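Just so you know, these numbers come straight off a predicted model, no measurement behind them. Residue numbering restarts at 1 for every chain, and letters A, B, ... go by the order of the sequence lines.
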Amino acid sequence: MHIHLKPILSHLTKPSQTLSRTRILHALIIKNRLSYDPFYATRILRLYAINNDLISARYLFDKTPNRSIYLWNSIIRAYAQANEFNDSFLLFKRLLSSETQPDSHTFACIARACTDRFDVRALRLVHGKVVAFGLGLDFICNSALVSCYSKLGLVEEASCVFRGIDKPDLALWNAMISGYGSCGDRVKGIELFNTMQNVGMRPDGYTVVGLITGLADDSLLNVGQTIHGFCVKCGLILNHHVCSVLVSMYLRCKNMGSAFRVFESLVQPDLVSWSSLITGFSQAGDHVNALFFFRELLGVGGRPDTVLLASVLAASAQLAIVRPGCEIHGYAVRHGCNMDITVSSALIDMYAKCGFLEMGIKVFNSMTKRNVVSYNTVISSLGLYGCAAEAFRMFEEMLNEDLKPDETTFAALLCACCHSGLVNEGREYFRMMTNEFRIHAKTEHLVHMVKLLGMDGKLEEAYNLVKSLPEPVNSSIWGALLSCCDSHKNYELLEVIAKHLNENEPKICSYNVMLSNVFAGDGRWDDVQQLRVNYGQAEGKMPGVSWINDINKSVK
DNA sequence: TTACCATCAC
């Protein structure tokens, strides 16, 4: 019997096992009377979890009498990674009241689960437990806490935890640096990067990841390039992980050439590297190349996952060409992932944006599980087609399903009101959003509200809404208001706004463009000239040349 | 045997 054990053991340590092979291994373990051994049980449980078979994983857990902490951690992690947080927390509680002691990995895992479900209160409770269990100085727990607090935007608390550790290890330094990165506090991140080197800690590729994730616009390109240069100079190992981050960073900064060079430096790019390249091109507005590289990936035998399929669908939605979208739909069906919630939502959006609302609705109706994003997608699609009543009905359905609407839901609803000119409904949703759901109105919501009111001729109300906002008001909100004044030929109010803007914010491009067009349309060349003078004062701060071109056209 | 770190649909 022992002859069989060695090959089984070697199979158990391979992470890439399919579900059917896992079942065979499980049967072999049982046959060899090893299923009660927590070591073997843990191995099999993890294989089930990797293959998304939580039912078998749980069955195995329940059937194993001697539960090691490894087995406990594995089942808690399996549920958390599948976003089944309630089960995860219930098991965590059961563990605490059992005879087995939780260890640092248990807390790291459960802290991450709190973060994934955006539960600050629970995270604080877990933090308390960490201290209570005497793990207050543990590196694993604390690096998890640092990254969890900063992912929830509480970078001060993260920093507090970090400062409480005497001689942080590399993981802790990295967690803190990427914490600053994800909170947009780039300066602090770079300061810390310097400090760590001053105390003799050598950064690795992940330190660099922390520094450059989130570098989003071309003005920061030089920061990214400097850090990339640093990696090369210090001979840091640029693995797939790090290269993927570099690729997306360069693409976000619209530096396609450098992105492609980094990608090409990989001997065998993995799925995430391909995804970074493809989604990066798409997000930079180059959807054609995004689809091209997707075909390249299929050509070399790559197997795109659901995340990548959703992104390529978004690319064809942006192009508003249905053919590639249909092909991807077919691919998804052939590979059994068309029912995936991410892919389905992307399909709905793609069909709607390409002019096939019916098909989108069909996909929505066929979904077995729906989340906020699926509802948001279908609501905004219906709204775009002017089917406001249907969109509102979907919103009701969503509430009945106990799904909590978010800011995108309300943006979609307000957009639907806008497309159908439903002022009262729009006011009501706006009120509901701020008062009942405590969602802070963003630029997008305000633009819809201003348009909705303004297009209906309620210019005063729209103006009062904008005036009530804290300064500085985003230029697209002013733009929406000005274009409403323009189309209603309310030059009196336009004058008032123009005066206000020229006194307070003469530097923003978009409403100057609008104003110059309005003035030019009226033949008021003196005013156009005045704007030009203002532009001169603000020179160097203006983002583009479109405005000056508009002026030149007008003057001609 | 596990931790911190990459692509992400509206």
### Task
For Met249(A) and dT7(B), give me the distance from atom CE to atom C1', rounded to whole Å.
15 Å
### Task
Find out whether Ile321(A) and Ser316(A) are in side-chain contact, i.e. whether some heavy atom of one side chain is under 4.5 Å from a heavy atom of the other.
no
### Message
What is the distance, to the nearest angstrom, from the CD1 atom on Ile76(A) to the P atom on dT1(B)?
### Response
20 Å
### Message
Mind checking if Thr377(A) touches a base, just sugar-phosphate, or nothing, with heavy atoms under 4.0 Å?
### Response
sugar-phosphate
### Task
Could you tell me how the ring of Tyr48(A) sits relative to the ring of His26(A): parallel (under 30°), tilted (30 to 60°) or perpendicular (over 60°)?
perpendicular
### Message
What is the separation between atom OH on Tyr375(A) and atom C1' on dC10(B), rounded to the nearest whole Å?
### Response
15 Å
### Message
Hydrogens and angles aside, do Ser159(A) and Arg163(A) bring a side-chain donor and acceptor to less than 3.5 Å of each other?
### Response
yes
### Task
Please report, rounded to the nearest Å, how far the C1' atom of dA9(B) is from the NE2 atom of His329(A).
14 Å
### Query
Once you round it to whole Å, what is the distance between P of dC8(B) and CG of Leu271(A)?
12 Å
#### Entry: Below 4.0 Å: OP1/OP2 of dC8(B) and any side-chain N or O of Thr342(A)
no
## Note on the structure
Here the gap from Asp270(A) atom CG to His240(A) atom NE2, rounded to the nearest 0.5 Å, amounts to 4.5 Å
### Query
Picking from dA9(B), dC5(B), dT7(B), which would you name as closest to the side chain of His241(A)?
dC5(B)
## Note on the structure
To the nearest angstrom, the CG-P distance between Leu172(A) and dC5(B) comes to 12 Å
### Query
So what does Asn73(A) touch, heavy atoms closer than 4.0 Å: a base, only the sugar-phosphate, or nothing?
base
### Message
By the 4.0 Å heavy-atom rule, please label Ala171(A) as base, sugar-phosphate, or nothing.
### Response
base
### Query
Once you round it to whole Å, what is the distance between C1' of dA3(B) and OH of Tyr149(A)?
17 Å
### Task
Please state whether the phosphate of dC5(B), meaning OP1 or OP2, lies under 4.0 angstrom from any side-chain nitrogen or oxygen of Ser147(A).
yes
### Query
Roughly how many Å is it from CG in Leu251(A) to C1' in dA6(B), rounded to a whole number?
14 Å
### Summary
Of dA9(B), dT7(B), dC10(B), the nucleotide closest to the side chain of Ser248(A) is dT7(B)
### Task
Would you indicate what Leu313(A) reaches in the nucleic acid, counting non-hydrogen atoms under 4.0 angstrom: base, sugar-phosphate, or nothing?
nothing
#### Entry: Donor-acceptor pair, side chain of Ser282(A) and main chain of His287(A), under 3.5 angstrom
no
### Message
Between Asp103(A) and Asn73(A), do the side chains contain a donor N or O and an acceptor N or O under 3.5 Å apart?
### Response
yes
### Query
Closer than 4.0 Å, any side-chain N/O of Arg77(A) to the OP1 or OP2 of dT1(B)?
no
### Task
Mind checking Ser276(A) for me? I need base, sugar-phosphate or nothing, with any heavy atom below 4.0 Å counting as a touch.
sugar-phosphate
#### Entry: Phosphate OP1/OP2 of dA9(B) contacted by Lys353(A) side-chain N/O (<4.0 Å)
no
### Task
Classify the angle between the aromatic ring planes of Phe293(A) and Phe260(A) as parallel (below 30°), tilted (30 to 60°) or perpendicular (above 60°).
tilted
### Query
So, is Gln283(A) close to the dC8(B) phosphate, meaning a side-chain N or O under 4.0 Å from OP1 or OP2?
yes
### Message
The side chain of Asp305(A) is closest to which nucleotide in this list: dT7(B), dC5(B), dT1(B)?
### Response
dT7(B)
### Task
Report which part of the nucleic acid Asn371(A) touches: base, sugar-phosphate, or nothing (heavy-atom distance under 4.0 Å, all strands).
base
### Task
Name the nucleic acid region contacted by Ser380(A), choosing base, sugar-phosphate or nothing; use a 4.0 angstrom heavy-atom cut-off, strictly under.
sugar-phosphate
### Task
Would you classify Asp103(A) as touching base, sugar-phosphate or nothing, given that sugar-phosphate means primed atoms plus P, OP1 and OP2, and contacts are heavy atoms under 4.0 Å?
base
### Query
Looking across every strand, which nucleic acid part, if any, lies under 4.0 Å from Val373(A) by heavy atom: base, sugar-phosphate, or nothing?
base
### Message
Students often get this wrong, so: under 4.0 angstrom with heavy atoms, is Thr42(A) touching a base, only sugar-phosphate, or nothing?
### Response
base
### Query
Is the shortest side-chain N/O distance from Arg112(A) to OP1 or OP2 of dC4(B) below 4.0 Å?
yes
